Every structure is written in C-alpha cells, then in structure tokens.
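The structure appears below as structure tokens.
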Amino acid sequence: MATQATKDENKPLKVEILSKTYVKPQKPLGRKECQLVTFDLPYIAFYYNQKLLIYKGGVEEFEDIVEKLKDGLKVVLEEFHQLAGKLDKDDEGVFKVVYDDDMEGVEFISAASENTEAADLMDEEGTIKLKELVPYNGVLNLEGLQRPLLSIQITKLKDGLVMGCAFNHAILDGTSTWHFMSSWAQICTGSKSISVLPFLDRTQARNTRVKLDLTPPAQTNGDAKPPVAPPLREKIFKFSESAIDKIKAKVNANPPEGSAKPFSTFQSLSTHIWHAATRARQLKPEDYTVFTVFADCRKRVDPPMPESYFGNLIQAIFTVTAAGLLQANPPEFAAGMIQKAIVMHDAAAIEARNKEWESNPIIFQFKDAGVNCVAVGSSPRFKVYDVDFGFGKPESVRSGSNNRFDGMVYLYQGKDGGRSIDVEISLEASAMENLEKDKEFLFLE
C-alpha cells in the first residue's frame, strides 16, 4: 500500500488563481490573416505545447512584476500578433490564423502557491505537481478555434515565481516559441524594440491550400474501448559537459567507412539515449525500434527560410532497425543511421514528403512517432536560460504534461551552460526503473 508520503508526492499542488485577464497589442493593427500551411497542419491534433520556467526571488515585487510582464507583452504582441489571434477556417475549409483588434488576445493568469518552494519543483521528477502551474492541460490545438492561442500563468511561490506557458502547436514550433520568449524578455528589460522581427509570411515556405477532414474515423465495434496505456514516468537526466564529451568521443572512436563527417553532439547523445531506452525496455531481438527526430527545416527548404520564420517549419525524420541489430552493433552503427537520415532530409526529400501528405492529409497524434520509439523534440541550442524578464535567469526550464508518450524525449540546454544538456524522458514505469539503474547510460562505470 502507498505510504502517506507517496500519496502526497503524487498530489497536484494547491494553487489559488488570483486573476485572469487578457492582453493584446497596445496599438490597433486592424485585421490580419495568414493561412496555415503544410508544415503547420499535421499538428492540429497535438496538444498545446507547455513550457515552465522556474525563477528564484521576485516574491515581494510580485504585483509589479505581473504588470511589467503585461506591459512588455502588449509591446511584443505588436510584432507577434498571431499569438493574440485565433484559429479560423476560410470558405473552403482551409485553416488560417486570424488577428483582429476586437479579439481578446493572450490569456494571462496570476496565481499563488505560497507554501511551495522553487526547490520543491526543481526536485520534482514527474509532471503531476507541475500541472497546476501551467494552463491548458489536455487541450488540443484544434480548440484554438475558440480559445486563445497563448495562455500564460505566473504563479507566486514561497521564494520564487513560476511562469507556465501554453502555446498552440499548430501555429508555432520550438524555434518560434523561444524567439518569442526572448523577444518578450528583451522588452521587459528595457529595450524599446525587439532585435529580430518575426518573419510572418508562411506561404513563402509552402503556398499550398490543404483542406482537412477532421471527422473522427468510425468505430468498427461500438463496444470496443481503447486500450488503457500503462503508466508513464518522467525524469530529467542531467549530463555534464564532460559526460557529453565522453559520449561524443565514444561514438566517434571508430567512424564507419564512408561516413561523411564526425558525429555531432546531437547524433552522439541520441545514439546513447536510443541504446539505453532499448535496453531498458528489454525488447526481443526481432522487435523493431524507431528513432524519430523533429528536425528544423528552415535552412533545408529551397529557398531557405530565415531563422526568424514564425510558424512550424519542422518535420519528423524516422530511422528504424531491429532491437537485436541495434544492441549487437557498436554505437557508430546507430549514429550512422541517424546521421544518414538527417543528411538525406534535404529540400527534395522535404518537397516529396509535403506532396505525399497533401495528397492524403493525415492528422498525426503525438504518439504516432513509431513502435518502441525514441522521439526527440526541443533542442539544446535554444538559449532557454537567457530568458530574463528583469528578475533573474531561470533556475530550471521544463516541459509540461502535454504531448508526452512512451519514448518522448525533450533536450534542453543544461543550467551549467557550456555543452551540458538536460534530457527529459518519458517511459513506461518499469522501463524507467531499469534506466535509472543503467550505469552505462548514467556514465557511472
């Protein structure tokens, strides 16, 4: 039987909502529309993308900080006005994002959990306690037809603050998310304007109008209930700069013949995680396992798009092999497959993927990444620890509970800076238990 302590650990935090307001651009912009394109549409059935930033201090000035954040938001939304809009469809059923001056804008929630300390949240492995600190748990992007496309909750703790953000993933990816966050922080710390304007014309990346059929498939058996998924556990594994260097050196020790270039940090760490997750799952040799990366295509498309392109410009790249082959071979075998898949995903491959999808538009669910998969999202290149709104840099950056499934991995820049990386993994509970004891994965040998 669970002890009282265990029960308490699994309880959501007690959070009091103090106010809910809406923020929109501080000057009238008129009506602005932008159609969603092939890079955006597959994510319409994902959930809102949630990010949490945990800060120390700022408690005494909480009310002032809330007002300062709102004032900065009014300014930054003049450029990032799509986040203050709603999803809509035109007469032909093609999705678009629309902003108009009479819309509500961004939802902004002020809250308090004054018995909670920042350290309690940073020690938290899973996301149960974090759920009350970030809006829109379990809310699909499709609901952006009725809801704001961005909801922000700032919660006062005993000794710090938490900013929880829910972004509609149908209108932006990770690169755009952190571009927005850093631009907002820039305004809040005294800049009169943001340094890099968002590039808002999605049709420059793909100008194809795709109508989606969002009616759910008919149930073949009315009595059939969907299978209950085994419980997941989430955990953050922190890899220091020296651990990352060792992982990279190990994978690059015996480069395979004909390999184009040394394996990157990402390819080396991905190999390390894929091997470890496969061991932890105790797969049979003949079981397939899939590695999936959501790759940024801004520089891959033809013509290339600027880094400031605002929207989704990612595609999933898949690599598959048998678990036995993966484990019988040295790490450069998996790294070679990952590298090859990434290198081959050029402008021609992206074009072919887009045409294939447009001929038969399939709405993905996040868990469609593949059987026994390891799927990597986010990127350690995002400067998440530089997001300073004037009350210090974050102590910790986390993903919320949305868009998690067995094998989902989020990579973040490590708090220590340099080449350190935080690896946030979701696995079935039994596999996570095995992973926690895996000395090779943890670099304890």
Side-chain angles (χ1 to χ4, degrees), residues 36-44 46 49 51 167 169-179 199 202 204-206 248 251 259-274 277 289-321 334-358 362 364-370 373-384 399 403 405 407-413 421 423-425:
L36 297 189
V37 297
T38 307
F39 291 103
D40 302 302
L41 294 171
Y43 305 105
I44 206 95
F46 280 31
N49 209 11
K51 299 297 171 196
F167 293 88
H169 204 337
I171 73 154
L172 82 172
D173 59 15
T175 299
S176 294
T177 294
W178 294 108
H179 179 197
F199 181 90
R202 295 161 194 253
Q204 293 296 310
R206 188 80 181 162
K248 194 171 178 181
V251 176
S259 62
K261 51 189 175 181
F263 298 119
S264 66
T265 297
F266 174 82
Q267 291 157 9
S268 304
L269 181 58
S270 295
T271 297
H272 188 69
I273 297 166
W274 192 14
T289 173
V290 177
F291 179 84
T292 306
V293 54
F294 292 90
D296 183 1
C297 297
R298 284 167 175 76
K299 296 286 175 277
R300 296 169 186 271
V301 290
D302 185 19
M305 289 292 112
E307 188 74 5
S308 58
Y309 176 94
F310 186 82
N312 285 291
L313 206 44
I314 52 174
Q315 276 186 345
I317 303 174
F318 303 95
T319 304
V320 61
T321 189
M337 286 195 297
I338 293 169
Q339 185 183 67
K340 186 180 176 187
I342 291 171
V343 168
M344 286 176 65
H345 203 72
D346 57 10
I350 293 166
E351 175 73 12
R353 173 83 67 85
N354 282 334
K355 282 186 169 170
E356 181 190 3
W357 188 84
E358 287 156 6
I362 295 167
F364 299 124
Q365 291 185 307
F366 220 97
K367 61 180 187 298
D368 292 338
C373 80
V374 170
V376 179
S378 194
S379 168
R381 292 197 310 274
F382 299 149
K383 302 293 183 204
V384 299
S399 304
N403 296 325
F405 58 90
M408 187 64 216
V409 177
Y410 292 101
L411 299 182
Y412 287 106
Q413 175 188 36
I421 296 175
V423 179
E424 199 175 47
I425 303 181

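Side-chain atoms are counted along with the backbone in the values below, which use heavy atoms only and exclude waters and symmetry mates. Source: prediction; values computed, not measured.
Two residues are said to be in side-chain contact when any heavy atoms from C-beta on lie closer than 4.5 Å; F291 and V376 meet this criterion. Considering only heavy atoms from C-beta on, R206 stays 4.5 Å or farther from L41 through its side chain. A heavy-atom distance below 4.5 Å is found between the side chains of I421 and T265. A 4.5 Å side-chain heavy-atom check between I338 and V293 finds every atom pair outside the cut-off. Taking 4.5 Å as the limit, every side-chain heavy atom of T175 sits out of range of all side-chain heavy atoms of L313. Side chains of V301 and Y309 form no contact here, defined as non-hydrogen atoms less than 4.5 Å apart. Side-chain contact between Y410 and K51: present, with at least one pair of heavy atoms (C-beta onward) separated by less than 4.5 Å.
Under the 3.5 Å distance criterion, the side-chain polar atoms of T292 are left unmatched by any main-chain donor or acceptor of F318. In this structure a side-chain-to-backbone donor-acceptor pair under 3.5 Å is missing from R300 to I350. A donor-acceptor pair is defined here as one N or O able to donate and one able to accept, closer than 3.5 Å; no such pair exists between the side chain of S270 and the backbone of A335. Of the possible polar contacts, none joining the N49 side chain to the F167 backbone as a donor-acceptor pair under 3.5 Å is found. Judged by distance alone, with hydrogens and angles left aside, the side-chain atoms of N354 form no donor-acceptor pair with the main-chain N or O of W357 at under 3.5 Å.
Note that CG of N312 is 8.5 Å distant from CD1 of I171, once rounded to the nearest 0.5 Å. One distance of note links CZ of R202 with CG of L172; it measures 8.0 Å at 0.5 Å rounding. With rounding to the nearest 0.5 angstrom, the SG atom of C297 is 6.5 Å from the CD1 atom of I317.
Remark: S268 pairs with I247, K248, V251, N252, F263 by the side-chain contact (heavy atoms from CB on, under 4.5 Å) rule, at least two apart or across chains. Not counting sequence neighbours, the partners of H272 by the ring-ring contact (aromatic ring centres under 6.0 Å, His included) test are F239, F441, F443. S264 meets the side-chain contact (heavy atoms from CB on, under 4.5 Å) test with F266, Q267; sequence neighbours excluded. For F39, the ring-ring contact (aromatic ring centres under 6.0 Å, His included) test picks out no residue, with sequence neighbours left out. By the side-chain contact (heavy atoms from CB on, under 4.5 Å) test, A347 is found to be paired with D302, residues two or more places apart in sequence or in another chain being considered. For K299, the side-chain contact (heavy atoms from CB on, under 4.5 Å) criterion is met by E307, not counting sequence neighbours.
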- Query: Given L411 and I273, is the side-chain contact (heavy atoms from CB on, under 4.5 Å) satisfied, shown in steps?
  - Reply: CA-CA 11 Å; L411 299 182; I273 297 166; 4.2 Å; yes
- Task: Please report the C-alpha distance between W274 and M337 in whole Å, then the side-chain angles of each, then the deciding distance to 0.1 Å, and finally whether the side-chain contact (heavy atoms from CB on, under 4.5 Å) criterion is met.
- Result: CA-CA 12 Å; W274 192 14; M337 286 195 297; 3.8 Å; yes
- Given S399 and Y412, is the side-chain hydrogen bond (donor to acceptor under 3.5 Å, both in side chains) satisfied, shown in steps? CA-CA 10 Å; S399 304; Y412 287 106; 2.5 Å; yes
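Taking both residues in full, the closest heavy atoms of R353 and H345 are given as NH2-CE1, 3.7 Å, listed atom of the first, atom of the second, then distance. Minimum heavy-atom separation, T319 to A341: OG1-CB, 3.4 Å. For R298 against S176, the heavy-atom pair with the smallest separation is NH2-OG, 3.1 Å.
Classification of the F46-H169 ring pair by plane angle, with boundaries at 30° and 60°, yields perpendicular.
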